[in-house]
Amino acid sequence: MPVLVMKFGGTSVANLDRIRRAAKRVGVEVAKGYDVIVIVSAMSGKTNELVGWVNETSPLFDAREYDAVVSSGENVTAGLMALTLQKMDVPARSWQGWQVPLKTTSAHSQARIEEIPPENINAKFGEGMRVAVVAGFQGISPEGRITTLGRGGSDTTAVAFAAAFEAERCDIYTDVDGVYTTDPRICDKARKLDKIAFEEMLELASLGAKVLQTRSVELAMRYKVKLRVLSSFEEQSDEAGTLVCDEEEIMESNVVAGVAYSRDEAKLTVQSVADRPGIAAHIFTALSEAGVNVDMIVQDISDEGRTDMTFSCPTDQVARAEQALQAVKEKGELNYAELLADRDVAKVSVVGIGMRSQSGVAAKMFKVLSDEGINIKVITTSEIKISVLIDRKYMELAVQALHDAFELDKAA
């Protein structure tokens, strides 16, 4: 039988009533003739509670025990979902990561999936099981310890299963009914997209859109897994939600597909460093070793052999960045006049595969921001993306103005 993967996020399984509702959706797909692999998250709020218990017990915790604790939330949901399906007379059983087995690296709390052998689950499908309810977010290391994939890892689990089992599609059920041109909470003209290309979704996810985890989109693009984002709270049709697919499957699209934003950004400037080979390596090696996620990077024009280096990072990593750069300065490996941190900025981006073939997007974006009196602090571009750093107080205005200017409320 064809295989369908269905993933239910924390809000979709937040209590027993919602688990029952999700189970009914699974039952509908079983009735259509699918063997179904259901990936479940922990009940809403449960993972945060478990993480809090770990931190309270041992602030300097053993990451292996951290994984053992925080992975338990998904185990509870998987068991309850399997019991609910059995009560509906649907042959189902729960699977923990080690039982599949979902094989990962040994990087506890941030493990990466290496292999999902399909034999065990396929054998049970052959014996009459119709639904495998798999605990998301978890796997097993080469040493035989439980691992977790990082926050949002259940999305990655679902896509990986869809690839491993050559599923017809991977449906991601969440608390939104699809992917929008921007956040409907700050722009009432935001429009739900019927389809979006993998590359566009990857950029939007990495730039702040929280609909899908970035790693899950990367996997889907690599293995050509069709993703569908749906609401678990609304009645569904075969055309519901947003399909994330190959660019070739989209007949017509706007030049810009969406506007993304991230409010938790900071801008740091390393003032007056020597303009010579190796300086950038010293700066960004130190930041990398400290676990700072650097995004936008701009180097000023050299003046008398000195230059400024500006970069952005998440707000909660500023202290770590300052400490790392101060340490290399004290070692004599880097000499700079001052490190300036601006924690009151936001990143706003426009994304679209149409940018490859149409000019003028950057000019239009900058003109719109200028007309609104919004000053641009940093600019970065890629083939299908333009991002700017601006003062945070103008973020919502910028998103709304760009959404209007590129007429994203209208279909192509």
Side-chain angles (χ1 to χ4, degrees), residues 105 107 109-110 112 150 199 202-208 214-215 218 260-351 355 361-363 365-366 369-370 374-395 398:
T105 62
S109 80
Q110 289 292 332
R112 300 188 77 82
E199 288 180 83
L202 184 58
E203 290 284 9
L204 290 171
S206 67
L207 293 167
T214 305
R215 280 167 61 192
E218 288 173 347
Y261 67 88
S262 174
R263 67 174 78 247
D264 299 320
E265 298 286 327
K267 178 173 75 76
L268 285 83
T269 300
V270 187
Q271 286 193 321
S272 189
V273 294
D275 187 11
R276 59 176 173 77
I279 287 297
H282 278 307
I283 292 173
F284 295 107
T285 297
L287 294 169
S288 174
E289 290 174 350
V292 177
N293 295 318
V294 174
D295 181 19
M296 309 166 85
I297 302 172
V298 175
Q299 182 175 349
D300 288 350
I301 297 172
S302 178
D303 183 20
E304 297 182 358
R306 311 294 288 183
T307 186
D308 295 345
M309 192 77 73
T310 298
F311 62 91
S312 67
C313 72
T315 308
D316 61 4
Q317 295 180 8
V318 171
R320 202 182 304 171
E322 291 173 331
Q323 188 177 33
L325 293 177
Q326 182 62 32
V328 292
K329 183 178 184 180
E330 290 173 358
K331 290 179 184 176
E333 297 173 355
L334 180 68
N335 182 27
Y336 59 86
E338 195 172 357
L339 177 59
L340 304 178
D342 182 357
R343 293 174 171 84
D344 198 26
V345 297
K347 178 171 62 179
V348 176
S349 311
V350 296
V351 174
M355 292 187 197
V361 176
M365 179 180 186
F366 302 153
L369 296 176
S370 172
I374 301 172
N375 186 46
I376 299 172
K377 296 174 178 286
V378 179
I379 303 168
T380 60
T381 65
S382 74
E383 194 179 26
I384 65 167
K385 172 202 75 178
I386 303 167
S387 295
V388 296
L389 275 188
I390 60 174
D391 286 329
R392 190 174 298 152
K393 63 184 178 182
Y394 296 122
M395 186 194 75

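Index from 1, following the sequence.
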Discussion item. Between Ser312 and Lys267 (side chain of the first, backbone of the second, donor and acceptor by atom type, cut-off under 3.5 Å), is there such a pair?
Written reply: no
Under the side-chain contact (heavy atoms from CB on, under 4.5 Å) criterion, do Val378 and Val388 qualify, and how do the steps go? CA-CA 6 Å; Val378 179; Val388 296; over 6 Å; no
Shortest non-hydrogen pair, Met365 vs Val350, comes out as SD-CG2, 3.7 Å
query: Do Thr381 and Met355 come within less than 4.5 Å of each other through their side chains, counting heavy atoms only?
result: no
Handout entry: N/O donor-acceptor pair under 3.5 Å between Thr269 side chain and Leu340 backbone
Key = no
Gly150 and Gln110 have their tightest heavy-atom pair at CA-NE2, 3.9 Å
Tightest non-hydrogen contact, residues Val318 and Ala341, listed as CG1-CB, 4.0 Å
Notebook entry, point to check: Given Asp316 and Asp264, is the side-chain contact (heavy atoms from CB on, under 4.5 Å) satisfied, shown in steps?
Noted result: CA-CA 8 Å; Asp316 61 4; Asp264 299 320; over 6 Å; no
Non-hydrogen side-chain atoms of Cys313 and Arg320 separated by less than 4.5 Å
no
Closer than 3.5 angstrom, by distance alone: can the side chain of Arg263 be matched with the main-chain N or O of Arg392 as a donor-acceptor pair?
no
With no hydrogens and no angle check, is any side-chain donor or acceptor of Thr105 less than 3.5 Å from a backbone partner on Arg112?
yes
* Under 3.5 Å, is there a donor-acceptor pair between the side chain of Arg306 and the main chain of Gln271? -> no
On a heavy-atom basis, the closest approach of Met296 and Leu389 is SD-CG, 3.6 Å
Practice problem: With the side chain counted from C-beta on, respond yes when Ile390 and Val345 share a heavy-atom pair under 4.5 Å apart, and no when they do not. | Solution: no
When rounded to the nearest 0.5 Å, the distance separating CG of Asp342 from CG of Asp344 is 6.0 Å
Heavy-atom count check: over 12 atoms from other residues, nucleotides or ligands less than 6.0 Å from Gln323 CD? no
Output for pair (Asp300 CG, Ser272 OG), nearest 0.5 Å, gives 11.0 Å
One should read off an interatomic distance between Glu218 CD and Glu199 CD, to the nearest 0.5 angstrom, of 12.0 Å
> Are Val348 and Tyr394 side-chain neighbours, meaning at least one heavy-atom pair lies under 4.5 Å?
Replying inline: no
When rounded to the nearest 0.5 Å, the distance separating CG of Leu268 from CZ of Phe311 is 4.5 Å
Here the pair of heavy atoms bringing Met395 nearest to Tyr261 is SD-CD1, 3.4 Å
Cut-off 3.5 Å, no hydrogens considered: what does the side-chain donor-acceptor table look like for residues 275-288, sequence neighbours left out?
from	atom 1	to	atom 2	distance (Å)
Asp275	OD1	Gln299	NE2	3.4
Asp275	OD2	Ser302	OG	3.0
Thr285	OG1	Ala281	O	2.6

Counting distance only, does the side-chain N/O of Lys385 pair as donor-acceptor with the main-chain N or O of Ser349 below 3.5 Å?
no
